Amino acid sequence: MSEKFDVIVVGAGPAGTSCAYTCAKNGLKVLQIERGEYPGSKNVMGGVLYRKQMEEIIPEFWKEAPLERPVVEQRFWMMDKESVVTFGYKGLEWGVEPYNNFTVLRAPFDQWFAKKGIEQGVLLITETVVLECIVENGKVIGVRTDRPDGEVYADVVVLADGVNSLLGKQLGYHNEFRPDEVALTVMEVINLPKEKINDRFNLEDNQGCTIELFGDSTKGNLGTAFIYTNKESINIGVGTTLSSMIKAKLKPYDLLDYLKTHVMIKPFLEGGESAEYLAHLIPEGGYHSVPKVAGNGVLLVGDAAQLVNAIHREGSNMAMASGKMAAETIVEAKSRNDFSESTLNIYREKLYDSFIIKDLEKYKDAAHTFENHPQYFKDYVPMMNQAASKFFTVDGTSKREKQKQIMRSITGERGTLKVLQDMYRAWKAVK
């Protein structure tokens, strides 16, 4: 373990493996350290992988990667207790190469991805905990692990150690995150025969569907739930910010049980067999929570850098893109033989010039807005369902009169001025 490397990558999730793979492919000597029994054993995501960022790392990866289904339909549900307003898009062009995104199970996918890095020359060590970064004269020069004689050195250490990033905290790059900056998501994998999945979601064998759920799926609290179709299983999960859970005194698994027994959800799961429970913290602070990402001899990528767009459920693709950018920066630093913060800041520049920070900046106030104004989930989603019920019920009332009744109902509850203020505030948060 006293051997010197060009790069040490801490973590074998999408961000860490993207960085390790790209560095090794460019001829660098790479050590990747994973605390789990194998890559993917500690990693959780809802189960959607976008093609674009992965393909930039491994072209046509879908021809060999352990994927579940290409997603051809994305649905969005605004749920009340006994109803749902739904909208979405189904496009068969997503079901043929080069595809748009896929459902995946993280354990097999992460193991496959890490193996591709090993084939490029990455030395992967599992079941090893990195205790701290070794800092000398203000520069990170290696890491200390829980193995005997477990100090190992490198020109650059890449922190891909997840949302809590204890190593990032030790370096002083970010503080303990507030409860409104982190969401807790719980998920269950439910086995179902392929034929039942196809029938219930109106799919064919090589087609997938995702459903994002808002409103009563989180009992009106800030957060989302989801249902994703795999080949012969369904991922169902729900998450809210920790601050919402604390305020509403919610228990995460109680929330998942509530979702599974919801009258609109239960038919999808009927006859299924529970295969696995998972829980995961997700960084949702967005643009305002992005920490320092580059220092002397160190870079932060993926969840460790808070790179998640909760509005569009994008995380793994941002992780992969950031890992690749970090690797490209390290290759440049190696050519200069300069691993100072000024050189490694090339990564920060790449990051802030990419879709990642641009998208986070676009939605920088969204979570804060919806957290502090709970009426969007608690009041407006039920109003939307009631309005749809009233409008589509044929009872002899003219459609124009129905429209007037609906508007009176909405403005009567909150007042015309408050409704207009709420609409403007929501538009401003996501524009």
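Residue numbers start at 1 and run along the sequence shown. Every value quoted in this text rests on a predicted model; they were computed, and no experiment measured them.
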Show the nearest heavy-atom pair for residues [X] and [Y], with the distance to one decimal.
X	Y	result
Gln306	Pro291	CG-CD, 3.8 Å
Pro14	Ala319	CB-CB, 4.2 Å
Pro252	Met245	CB-CE, 3.8 Å
Ser322	Leu351	CB-CD1, 4.1 Å
Leu344	Val298	CD1-N, 3.7 Å

What I want to check is whether the side chains of [X] and [Y] have a donor and an acceptor closer together than 3.5 Å.
X	Y	result
Gln74	Arg313	yes
Gln386	Ser409	no
Gln32	Thr17	yes

To the nearest 0.5 angstrom, please state how far the [atom1] atom of [X] sits from the [atom2] atom of [Y].
X	Y	atom1	atom2	value
Lys358	Tyr287	NZ	OH	12.0 Å
Cys19	Lys324	SG	NZ	11.5 Å
Leu259	Asp254	CG	CG	12.5 Å
Asn202	Cys209	CG	SG	9.0 Å
Phe76	Ile211	CZ	CD1	11.0 Å
Phe201	Lys90	CZ	NZ	11.5 Å

Inset, instruction - Hey, can you tell me if Phe102 and Trp62 have their rings parallel, tilted or perpendicular (30° and 60° cut-offs)? - result: parallel
Inset, instruction - Please state whether the rings of Phe109 and Phe113 are parallel, tilted or perpendicular, taking 30° and 60° as the class boundaries. - result: tilted
Inset, instruction - Considering only NZ, NE, NH1 and NH2 on the basic side and carboxylate oxygens on the acidic side, decide whether Arg75 and Glu73 come within less than 4.0 Å. - result: yes
Inset, instruction - Test the Lys116-Tyr21 pair against the cation-pi criterion, namely NZ or CZ under 6.0 angstrom from the six-membered ring centroid and within 45° of the ring axis. - result: no
Legend entry - Lys29/Asp6 under salt bridge (Lys or Arg N to Asp or Glu O under 4.0 Å): CA gap, chis, key distance, verdict: CA-CA 5 Å; Lys29 190 176 181 181; Asp6 294 317; over 6 Å; no
Review item, side-chain donor-acceptor pairs of residues 189-196, under 3.5 Å, at least two apart:
none

Legend entry - Whether Asn26 side chain and Thr22 backbone form a donor-acceptor pair below 3.5 Å: yes
Inset, instruction - Check Thr224, Ile265, Val238 against Leu213 for a side chain to side chain contact (heavy atoms under 4.5 Å, CB included) and give me the one that passes. - result: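 Only one option passes, and that is Ile265.
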Inset, instruction - State, with a plain yes or no, whether a side-chain heavy atom of Arg69 is found less than 4.5 Å away from one of Ile197. - result: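 Yes, side chains in contact.
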Inset, instruction - Would you indicate whether the side-chain heavy atoms of Val152 and Ile8 approach each other to under 4.5 Å? - result: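 Ile8 reaches Val152 side chain to side chain.
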Legend entry - Trp94-Tyr89 aromatic ring centre distance below 6.0 Å: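 Distance test on ring centres: under 6.0 Å, yes.
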Inset, instruction - Please confirm whether Phe370 and His373 have ring centers closer than 6.0 angstrom. - result: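 Centroid separation for Phe370 and His373: 6.0 Å or greater.
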Inset, instruction - Please list, chain by chain and in numerical order, all residues satisfying ring pair (Phe, Tyr, Trp, His ring centres under 6.0 Å) with His312, sequence neighbours excluded. - result: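 For His312 the ring pair (Phe, Tyr, Trp, His ring centres under 6.0 Å) partners, ignoring immediate neighbours, are Tyr363.
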